[in-house]
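Please read the structure below before turning to the comments.
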Amino acid sequence: MDQYDLVVIGAGTTGAYLAAQMAKRGHSVLVIEKLPKTKVGTKYDIFHIENREFARLGIPRPVEGDPAWAFEFEKNYNADPLTLYPKCQLNHVVGLHMHEYTLLLDAQAEAAGAAILYSCEFKDFLYDGKGKIAGVRTRYKGREKKIGARLVADCSGMAAVGRTSLPDAYGVENDKLTDEDMFYVILRYVTLKDPKDYLEGSTFWAYYKSWIAPCADPHGAIIGIGACHSFDYAESVFAEMEQVVPLPDYELVKIEKGRTPYTRNPYSMVTDNFFVSGDAGNLTKSVNGEGVTSSMVQVQLAVNTLDRALKTGRTTRSYMWEINRKYHATQGAEFAMLRALLVGMVNAADFTEFQYAFESGIISDELLGAASGAPLPPGALLAAAKGFVTGIAKKQIRLSTVKAAGKALANAVAIANHYKCFPADETGFYEWTEKADRLYERIGKIK
Ligand SMILES: Cc1cc2nc3c(=O)[nH]c(=O)nc-3n(C[C@H](O)[C@H](O)[C@H](O)COP(=O)(O)OP(=O)(O)OC[C@H]3O[C@@H](n4cnc5c(N)ncnc54)[C@H](O)[C@@H]3O)c2cc1C
């Protein structure tokens with residue numbers, strides 16, 4: 001039986017990135033991927049990465065003419081439902097082809113020394129005499145193939161084939177995602193009929209969770225919608241949006257549909273000889289369901305610990321625990337906070353209130369800038385609060401909405417603080433999860 005330090009399940013963006021990082025540190029790494037090489041990353045075509053992320057994460061930055069490059073833009077508008085008061089944020093975004101970019105990352109992993117076995121499907125774990133993970137049982141070329149590993153990483157995407165095969169009480173939550181734990185994304189690739197409508201940037205309508213953004217064809221666009229519950233529900237919101245939002249005239253080229261995790265990550269992402277990342281660990285951004293770079297951020301936080309664990313022979317839950325702590329104190333706290341705010345605001349505000357928030361400047365360039373990481377200028381929150389007060393006086397904002405916004409803010413602060421106090425070791429974890437569950441109960445889900 002072949003034996004590796006690390007077996008990674010899934011050669012998507014997360015698995016390839018993790019494999020490269022660990023192979024670079026001198027470990028023997030095998031990635032098993034159920035699809036043939038020609039099919040990896042074909043679940044949809046276009047995705048976005050913010051330009052600043054390439055250098056931060058050390059991933060290839062395709063340029064015009066490269067097979068993975070599709071387009072880039074800087075102007076990002078946020079608009080009210082009627083699109084009367086759009087606010088522009090400058091943020092350099094690169095559009096990439098998922099299949100070609102995944103192949104680039106796979107090649108980077110191989111160049112670092114990792115091996116990738118395509119068309120090799122994970123079936124189950126192998127366990128040692130003490131019931132600890134000791135490798136994987138796979139299906140390869142029509143036969144069972146067993147592969148030994150000191151550590152197995154589940155990067156198998158939403159299927160989370162590794163995590164959901166873990167025995168109960170092995171140390172990482174093994175639940176499958178339910179229909180209510182996903183974001184349903186529908187992308188309409190279109191050709192714009194009137195040259196005056198050709199896009200310079202993207203526009204996002206928060207009220208409808210919809211957007212129009214460039215695509216590889218400079219005379220085209222992608223009109224997207226993301227919604228909870230189901231594709232049917234997403235289509236019904238899109239139909240409503242088309243009645244209100246002044247979209248340019250277009251001809252439909254094709255429709256792509258996909259789902260992305262829209263729920264919290266497992267409270268522990270490590271256990272004995274096991275680590276989970278990517279969509280398999282629900283590491284998508286809580287504002288928009290994007291998960292390529294946010295998963296890599298978690299990998300970056302984890303690799304030094306995984307490296308030391310393998311070098312010292314201590315791939316145990318307790319030794320690798322600091323990955324949980326590091327993650328929850330940083331990106332985990334941020335995503336939990338944003339989720340609480342978003343759920344509260346989206347569930348509370350109606351059409352008129354959204355419209356008023358843009359018109360009155362409650363939603364300002366400064367607030368939107370802060371949401372994408374820019375410093376919040378002094379006075380911006382005060383200006384928003386004044387806008388609320390005027391809105392109530394003018395009967396444009398209901399008192400119940402203000403109360404709900406206050407509750408959302410309180411929940412957001414509470415959950416972020418709780419994540420920042422994640423226990424330094426396994427002691428106190430159970431009590432921590434109980435409190436986190438209670439806070440999530442209060443936060444609720446998007447209606
Ligand atoms: C329509 C849509 C648009 C999106 N746009 C963006 C965007 O613009 N930016 C962004 O950051 N995110 C975006 N996302 C989210 C993003 O696609 C995911 O978060 C990201 O691709 C997750 O990568 P991953 O490597 O964790 O999982 P995946 O890309 O799903 O890779 C998992 C791999 O594991 C393999 N696998 C599964 N089961 C097995 C098995 N049994 N054995 C072996 N291998 C297996 C799969 O074949 C796959 O290759 C979008 C999602 C959707 C649906």
Side-chain angles (χ1 to χ4, degrees), residues 7-19 30-50 53 57 59 70-71 93-99 101-103 105-106 109 116-125 136-140 145 147 152-165 177 182-189 202 204 211 213-215 222-227 231 234 254-262 265 276-299:
V7 165
V8 179
I9 311 169
T13 50
T14 310
Y17 185 67
L18 172 65
L30 175 72
V31 185
I32 53 166
E33 166 56 57
K34 78 168 177 188
L35 297 173
K37 190 171 180 176
T38 49
K39 288 274 165 38
V40 284
T42 53
K43 54 186 177 175
Y44 60 86
D45 182 12
I46 295 293
F47 76 107
H48 306 108
I49 291 189
E50 289 176 58
E53 299 287 16
L57 296 164
I59 48 176
F71 54 83
V93 173
V94 184
L96 299 166
H97 294 288
M98 183 50 102
H99 171 61
Y101 196 67
T102 306
L103 289 183
L105 291 179
D106 283 6
I116 303 182
L117 203 55
Y118 294 97
S119 306
C120 178
E121 185 176 5
F122 169 90
K123 287 293 181 191
D124 204 351
F125 292 107
V136 291
R137 194 164 59 73
T138 71
R139 191 91 190 147
Y140 181 60
K145 180 176 172 68
I147 305 162
V152 178
D154 185 6
C155 300
S156 66
M158 283 183 78
V161 291
R163 182 175 64 75
T164 58
S165 305
L177 292 184
M182 303 172 193
F183 216 45
Y184 297 79
V185 184
I186 303 175
L187 304 176
R188 286 175 161 75
Y189 290 70
S202 71
F204 179 67
W211 62 93
C215 70
I222 298 173
I223 305 175
I225 176 149
F231 286 120
K254 65 171 178 179
I255 293 186
E256 284 180 347
K257 293 184 178 183
R259 294 175 306 173
T260 170
Y262 199 69
N265 59 282
V276 63
S277 186
D279 279 10
N282 310 329
L283 289 165
T284 42
K285 295 181 185 171
S286 46
V287 280
N288 58 15
E290 292 185 355
V292 173
T293 55
S294 50
S295 300
M296 292 175 181
V297 167
Q298 181 248 22
V299 168

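Both ligands and their constituent atoms are indexed starting at 1 by order of listing. Excluded from the calculations below are hydrogen atoms, water molecules and symmetry mates; all remaining heavy atoms, backbone and side chain alike, are included.
- When only modelled atom types and interatomic distance are considered, Gln298 and Ser277 share a side-chain donor-acceptor pair under 3.5 Å.
- Checked by atom type, the side-chain pair Tyr189/Glu256 shows a donor-acceptor distance below 3.5 Å.
- Under the 3.5 Å distance criterion, the side-chain polar atoms of Tyr17 are matched with a main-chain donor or acceptor of Leu57.
- For Tyr118, there are no ring-ring contact (aromatic ring centres under 6.0 Å, His included) partners two or more places apart in sequence or in a different chain.
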Under 3.5 Å, N/O to N/O: give me all the pairs between ligand 1 and the protein, one per line with atom names and distance.
residue  : atom   : partner : partner atom : Å
ligand 1 : 8 (O)  : His48   : N            : 2.8
ligand 1 : 8 (O)  : His48   : ND1          : 3.4
ligand 1 : 9 (N)  : His48   : O            : 3.2
ligand 1 : 11 (O) : Gly291  : N            : 3.3
ligand 1 : 11 (O) : Val292  : N            : 3.0
ligand 1 : 12 (N) : Gly291  : N            : 3.0
ligand 1 : 14 (N) : Tyr44   : OH           : 3.3
ligand 1 : 17 (O) : Tyr44   : OH           : 2.5
ligand 1 : 19 (O) : Asp279  : OD1          : 2.7
ligand 1 : 19 (O) : Asp279  : OD2          : 3.4
ligand 1 : 19 (O) : Gly291  : N            : 3.3
ligand 1 : 21 (O) : Lys43   : NZ           : 2.9
ligand 1 : 23 (O) : Thr13   : OG1          : 3.4
ligand 1 : 25 (O) : Thr13   : N            : 3.3
ligand 1 : 25 (O) : Thr14   : N            : 3.0
ligand 1 : 25 (O) : Thr14   : OG1          : 3.2
ligand 1 : 26 (O) : Thr14   : OG1          : 2.9
ligand 1 : 26 (O) : Asp279  : N            : 2.9
ligand 1 : 29 (O) : Lys43   : NZ           : 3.0
ligand 1 : 30 (O) : Lys43   : NZ           : 3.1
ligand 1 : 41 (N) : Phe122  : O            : 3.3
ligand 1 : 42 (N) : Phe122  : N            : 2.9
ligand 1 : 44 (N) : Lys34   : N            : 3.1
ligand 1 : 47 (O) : Glu33   : OE2          : 2.7
ligand 1 : 49 (O) : Glu33   : OE1          : 2.6
ligand 1 : 49 (O) : Glu33   : OE2          : 3.2

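- Every residue two or more places apart in sequence or in another chain that forms a salt bridge (charged side-chain N to carboxylate O under 4.0 Å, His left out) with Lys145 is listed here: Asp2.
- Tyr184 pairs by the ring-ring contact (aromatic ring centres under 6.0 Å, His included) definition with Phe231, not counting sequence neighbours.
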